[in-house]
Every structure is written in structure tokens, then in C-alpha cells.
Amino acid sequence: MKNFKYLLVFLVSLALASHKTVFAELAFHGGYTFETFDGQKAAAVYVSVFNRTDKDIIIKDVQTNICKSAEIHGTFIDKDIVRMKKKKSLRVKGNEQFFFQPGGTHIMLMGLNKKLKKGTSFTLTFKLENNKVIDTEIMILDNKLRKNLLEVE
């Protein structure tokens, strides 16, 4: 019976250890952008980010193969004009969440190399300060939803 308890403790420890390696430090949920029209060269992406650790995590870079460059942008008002500015990095505090959202911090895709079609998706890659890479899927939504979202605000 004593050996069985040790075996059970060992198996549970092993399961917990492997469970931790399955999940990334950051979890991404609900990523979306809107379909584009012919010739449109830029689009904004929104996604929720959850830090599953006690430590702050810094996102250093964002990449995707559907555009020339992807950047984290902050939004601010300057003399009654809404402007955007590239952020060099983004800190997600330990055990907290961050929301890339309309009117706030978002991800800009610039130099789109294809039309974004509703009902499809693409991969967005986040590179962290610790050199880890995390991929997430971004859904492309119908532009009619954009209008509905703006009417709610």
C-alpha cells in the first residue's frame, strides 16, 4: 500500500508537470479582424491576452505572413485628433489580462498581401522577450458586424 501511494504521488506530479508544459505562458482568446475591400492595405486586429503566470511577460514583436509588417499600436488624442503610435513592446502583468480593442491598443497589419475574406482565418505570431513564440488564430468577420459594434458604443 505504501508503494502504491508513492506511485500515485509520482503519477500525479508527472501529470501536473506535463500539464504546465502544455499551456503557454500567455493564452490568447477571441482574436478577430474584419474583412477588407479590394486594394485595402491595412487592418486592425483585436484579441484578449491572459497571463497565466505570476511574472510580467513582455510581448516584443508580432508577425504574420499576410502582410509586410504587424505592429502594436496605442491610440491617443492630440488636439482633438485620434492618432496611433507604434509601441516597442507590451507588458502583460502577472496573473492579469490585456485586451487589444477598438479605440485602444490594437495590432495593425500594414501592407496586406491579400484580401481578408469573412469566414476565414490566419495565424498571428507573438514573440516574447524570453524568445518564446506563441501562435493564435485570428478570425475574419463580416464588415456588417463592425457597423453593429460601432452603433452599440
Side-chain angles (χ1 to χ4, degrees), residues 13-37 39-153:
S13 300
L14 185 61
L16 289 173
S18 64
H19 180 73
K20 288 182 181 177
T21 59
V22 169
F23 294 107
E25 298 164 300
L26 294 180
F28 295 85
H29 180 72
Y32 71 96
T33 188
F34 294 99
E35 66 184 326
T36 56
F37 54 83
Q40 184 174 336
K41 293 296 180 186
V45 173
Y46 313 104
V47 64
S48 300
V49 184
F50 301 88
N51 184 341
R52 302 189 214 202
T53 73
D54 294 332
K55 299 176 183 171
D56 292 1
I57 296 175
I58 297 175
I59 299 172
K60 294 288 287 183
D61 193 26
V62 183
Q63 296 179 343
T64 181
N65 65 358
I66 66 163
C67 65
K68 289 182 183 175
S69 67
E71 299 176 350
I72 298 171
H73 280 194
T75 304
F76 64 98
I77 297 176
D78 179 30
K79 299 177 186 173
D80 295 329
I81 298 172
V82 177
R83 300 187 186 273
M84 295 182 292
K85 183 176 181 182
K86 178 183 176 182
K87 292 185 170 203
K88 292 181 182 179
S89 63
L90 180 81
R91 179 182 304 272
V92 183
K93 293 185 179 182
N95 294 309
E96 291 192 11
Q97 59 277 332
F98 184 85
F99 304 103
F100 289 98
Q101 58 190 353
T105 301
H106 56 280
I107 299 160
M108 282 302 299
L109 307 179
M110 295 169 295
L112 291 170
N113 55 33
K114 68 178 188 175
K115 183 177 177 179
L116 303 182
K117 296 180 183 179
K118 67 181 176 182
T120 63
S121 65
F122 62 91
T123 301
L124 194 61
T125 301
F126 289 85
K127 295 189 176 186
L128 308 182
E129 185 178 57
N130 63 7
N131 294 320
K132 290 188 180 178
V133 174
I134 303 172
D135 291 336
T136 190
E137 286 298 304
I138 304 299
M139 291 298 305
I140 301 170
L141 304 178
D142 190 318
N143 259 326
K144 292 175 188 171
L145 293 172
R146 178 191 309 227
K147 182 181 176 197
N148 292 342
L149 287 172
L150 292 176
E151 287 175 358
V152 171
E153 295 179 304

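Between the side chains of Thr123 and Glu137, at least one donor N or O sits under 3.5 Å from an acceptor N or O. Between the side chains of Asn51 and Asn95, no donor-acceptor pair is found at a separation under 3.5 Å. In this structure, a donor-acceptor pair under 3.5 Å is absent between the side chains of Glu25 and Thr53.
From Leu109, atom CG reaches atom CD of Gln40 across 10.0 Å, with rounding to the nearest 0.5 Å. Taken from NZ in Lys118 to OG1 in Thr120, the straight-line distance is 11.0 Å, to the nearest 0.5 Å. Put simply, OG on Ser89 and CD1 on Ile57 are 13.0 Å apart, with the number rounded to the nearest 0.5 Å. In this structure, the separation between NZ on Lys55 and CG on Asn130 is 10.0 Å, given to the nearest 0.5 Å. Atom CG in Leu128 sits 4.5 Å away from atom CD1 in Ile134 (nearest 0.5 Å). Between atom CG of residue Leu90 and atom CD1 of residue Ile59 there is a gap of 5.0 Å, rounded to the nearest 0.5 Å.
Within the 4.5 Å cutoff, side-chain heavy atoms of Leu124 are placed close to those of Ile107. The closest side-chain heavy-atom distance from Thr125 to Val62 is not below 4.5 Å. In this structure, the side chains of Leu112 and Cys67 come closer than 4.5 Å at one or more pairs of heavy atoms.
For Asp54, the CG atom sits in a loose shell: 12 or fewer heavy atoms of surrounding residues, nucleotides or ligands are nearer than 6.0 Å.
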Ignoring hydrogens and angles, write down the donor-acceptor pairs under 3.5 Å from the side chains of residues 68-76, residues two or more places apart or on other chains.
from	atom 1	to	atom 2	distance (Å)
Glu71	OE1	His73	NE2	2.7
Thr75	OG1	Gly104	O	2.8

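Glu35 places a side-chain N or O within 3.5 Å of a backbone atom of Asn143 that can act as its donor or acceptor partner. Checking side-chain atoms of Glu96 against main-chain N and O of Lys93 turns up no donor-acceptor pair under 3.5 Å.
Taking the six-membered ring for Trp and the full ring otherwise, the centers of Phe100 and Tyr46 sit at least 6.0 Å from each other.
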* **Worked verdict on Lys114 versus Ile66 for side-chain contact (heavy atoms from CB on, under 4.5 Å)** => CA-CA 7 Å; Lys114 68 178 188 175; Ile66 66 163; 3.7 Å; yes
* **Audit row: Thr64, Phe122, side-chain contact (heavy atoms from CB on, under 4.5 Å) steps and yes/no** => CA-CA 8 Å; Thr64 181; Phe122 62 91; 3.6 Å; yes
* List the steps and the verdict of side-chain contact (heavy atoms from CB on, under 4.5 Å) for His106 and Val45. => CA-CA 6 Å; His106 56 280; Val45 173; over 6 Å; no
* **Audit row: Phe34, Leu145, side-chain contact (heavy atoms from CB on, under 4.5 Å) steps and yes/no** => CA-CA 8 Å; Phe34 294 99; Leu145 293 172; 4.1 Å; yes
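Residues passing the salt bridge (charged side-chain N to carboxylate O under 4.0 Å, His left out) test with Asp78 are Arg83, sequence neighbours excluded.
Here the rule is side-chain contact (heavy atoms from CB on, under 4.5 Å) with Phe126, and of Val133, Asp61, Asp135, Val47 only Val47 fits it.
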